[in-house]
Amino acid sequence: MATCHLQSFWVLFLAVSLYFAHTTSTSHVYIVYLGINQFHDPILTSKLHIQVLSDVFASEEDAKRSILYSYSNSFSGFSAKLSSSQATILARMDKVVSVFRSKTLKLHTTRSWDFLGLTLDETLVTPMEFTNGQDVVVGIFDTGVWPESESFQEKPGMRPIPSSWKGVCVEGEKFEPAKACNRKLIGARYYLKGFEQEYGPLNMSGNPEYRSARDFLGHGTHTASTAAGSMVKNASFFGIGQGTARGGAPWARVAVYKICWGINGIGSCTEADILAAFDDALHDGVHVISASFGATPPLSPFFSSSADIGSFHAMQLGITVVFSAGNDGPEPSLVQNVAPWSLCVAASTIDRSFPTEIVLDSNFTIMGQSIISKEIKGRLANAITYFVDGVCSLGNWNRKLATGRVVLCFYTPGLVYEIAQVAVKTAKGLGLIFAEPFTKPIADVDDDIPTLHVDINQGTIIGNYLAESLKLPVVQISPSKTIIGKSPAPTVVYFSSRGPSSISPDILKVCTTFAFESKRNKRFQCCC
């Protein structure tokens, strides 16, 4: 009998050992959401999280080692490395609202606010506009901030930091709070645990980044300055679009929460880090949160999404959360961030355009749209010379070099201009003229290769001129100009994600839009 009991003990021991070995080898980061913080005490709440987590681990020490974040300030929950079996057990507990795996979400000026009627002319503003957001704290969830930018310097007459503010500026790589933060930039935090669990330690040599709230990608600096940047006079892009740059609320305070990190130039944001930022921001005392990230449908249920959970608790505190709608348009039902308790943002045009003159053989002129600061001169060439069937994609490149050539490419379904840019740049082309449907041409700052946008009709005229020429025409492209008040606006940009909501089509959520100026920056401050 004793032998039988001993054998049973060893079988049980082996099963438990295999279970925990399996847990270790196949673990992923999960978020366990418990709802409202019942204790209103971060220490007691964190102890509860360890207690709950200990139910699926061999010891309390193992549970503590597994946990990434304890969300204990503004709501109750935690993120931890778990196996699917452990996650299932936790999800069945009465005190647990939801358990879901932490996913990685992606990141989605000088005229915009005048176009919206938020003028700098004190003789024209309404009394409410005089404050320009004085003492409002805007939390920016993004890639951090470049603190030396003039947009984040305090201006004369700025009042002391509100006494209600509980946030901090966290020291980090090339980010010294004493120098970086002031009465304008009053908070700066960064969150890395979720990202490093998913992608490994931050590689700052092969993949440049800063282990701090300092912005490397530039996206967060852009969105923060658009929302609440201080006034910067005579701003321009090499003389183009000159004016006074400022945010919609230039006297508001800025607090940045860096939750997105660059991987080969692409911003990636893990849900575990996002929820940690929400937990801190709501406790710090922000009044508005701007968040420019999302996931392409299919969408998760509302309480299985860090953005939806965080914004829900923000709503309970009277804090407005403004999300981007996404950049998956123009097909319907691809809108992101659709929770009814938050605002989502579409992208639209403004009444400013950047006409760019194209001259062929010094005797034929046509106008495109671009943001080019220097003259370009070369030979015009047809895409079919360098790409199979004339489709400008890297896979269709025939290995012929387009050195000194401005290549004319046409839109085809599935071919966006960014694909054509990469293809023509790889072929060593001098520039790209991209012909696309009338609703699409938008001037953009093109890092890869100078690009002019024309509509299909214009592209056809250029193509016919090229076909009738005995030799490749000389093409001369002039620097872009700035024209205000001549373009019909606002209109929703073609790439902006459309509704209806794919998860709650019965909830009508109407989005209006603010001004759009650059697809590369993905989003501007809009309201729904």
Side-chain angles (χ1 to χ4, degrees), residues 327-331 349 353-361 363-372 376-478 480 487 491-496 516 518-520:
N327 299 289
D328 296 329
E331 289 76 15
T349 60
S353 61
F354 300 95
T356 306
E357 186 179 62
I358 307 168
V359 180
L360 302 178
D361 290 335
N363 60 18
F364 181 80
T365 302
I366 200 164
M367 299 298 293
Q369 288 285 326
S370 187
I371 300 179
I372 294 175
I376 298 170
K377 191 171 184 179
R379 294 277 181 176
L380 181 66
N382 198 315
I384 201 167
T385 305
Y386 308 101
F387 303 98
V388 177
D389 297 328
V391 177
C392 298
S393 67
L394 205 54
N396 283 26
W397 183 36
N398 61 16
R399 299 301 184 269
K400 290 183 180 180
L401 296 181
T403 306
R405 304 292 189 254
V406 176
V407 182
L408 174 64
C409 296
F410 278 79
Y411 165 89
T412 59
L415 177 71
V416 294
Y417 77 87
E418 291 95 339
I419 295 175
Q421 284 179 325
V422 172
V424 174
K425 181 181 180 181
T426 304
K428 307 298 183 184
L430 177 64
L432 167 66
I433 297 177
F434 193 73
E436 52 195 337
F438 179 75
T439 57
K440 293 181 182 287
I442 297 171
D444 199 0
V445 179
D446 300 305
D447 300 329
D448 296 320
I449 189 169
T451 303
L452 282 92
H453 299 262
V454 298
D455 62 40
I456 295 290
N457 292 342
Q458 293 173 309
T460 301
I461 293 171
I462 296 172
N464 289 339
Y465 184 97
L466 177 60
E468 294 169 2
S469 299
L470 298 178
K471 58 181 181 179
L472 296 181
V474 174
V475 57
Q476 183 175 325
I477 301 168
S478 302
S480 303
S487 303
T491 60
V492 175
V493 184
Y494 74 93
F495 64 79
S496 189
F516 162 82
S518 172
K519 182 182 178 183
R520 195 167 305 275

Side chains of [X] and [Y], heavy atoms from C-beta outward: is any pair under 4.5 Å?
| X | Y | result |
| --- | --- | --- |
| Ile419 | Cys392 | no |
| Thr451 | Ile449 | yes |
| Ile358 | Val454 | yes |
| Lys428 | Thr403 | yes |
| Cys409 | Ile433 | no |

Taking [X] for its side chain and [Y] for its backbone only, find out whether a donor-acceptor pair lies under 3.5 Å.
| X | Y | value |
| --- | --- | --- |
| Glu357 | Ser478 | no |
| Asp361 | Val474 | yes |
| Asn398 | Thr385 | yes |
| Ser480 | Pro355 | no |

Provide the closest heavy-atom pair for [X] versus [Y] in the form atom of the first, atom of the second, distance.
| X | Y | value |
| --- | --- | --- |
| Arg379 | Leu472 | NH1-O, 2.6 Å |
| Leu415 | Phe410 | CD2-O, 3.5 Å |
| Ala383 | Val407 | CA-CG1, 3.8 Å |
| Leu380 | Val475 | N-CG1, 3.7 Å |
| Ala423 | Ser393 | CB-C, 3.6 Å |
| Ile376 | Pro450 | CD1-CB, 3.4 Å |

Checklist entry - Any idea how Tyr465 and Phe364 line up, ring-wise: parallel (<30°), tilted (30 to 60°), or perpendicular (>60°)? => result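 Taking Phe364 first and then Tyr465, their aromatic rings lie parallel (interplane angle under 30°).
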Checklist entry - Does the pair Ile462 and Ile366 meet the rule for a side-chain contact (heavy atoms from CB on, under 4.5 Å), with working shown? => result CA-CA 8 Å; Ile462 296 172; Ile366 200 164; 3.8 Å; yes
Rounded to the nearest 0.5 Å, what's the gap from [atom1] on [X] to [atom2] on [Y]? Could you check?
| X | Y | atom1 | atom2 | answer |
| --- | --- | --- | --- | --- |
| Asn457 | Thr460 | CG | OG1 | 6.0 Å |
| Leu430 | Lys425 | CG | NZ | 13.5 Å |
| Phe434 | Glu418 | CZ | CD | 8.5 Å |
| Thr426 | Arg399 | OG1 | CZ | 9.0 Å |
| Gln458 | Gln369 | CD | CD | 9.0 Å |
| Phe387 | Trp397 | CZ | CH2 | 8.0 Å |

Item to check | Audit row: Asn382, Leu466, side-chain contact (heavy atoms from CB on, under 4.5 Å) steps and yes/no | outcome: CA-CA 8 Å; Asn382 198 315; Leu466 177 60; 3.6 Å; yes
Next on the checklist: Taking CG in Asp389 as the centre, count heavy atoms belonging to other residues, nucleotides or ligands within less than 6.0 Å. Is the count above 12?
Outcome noted: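 Not buried by this count: 12 neighbours or fewer within 6.0 Å.
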Checklist entry - Do Thr356 and Ser370 meet the criterion of a side-chain donor-acceptor pair at a distance under 3.5 Å? => result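 Absent: no donor and acceptor within the cut-off.
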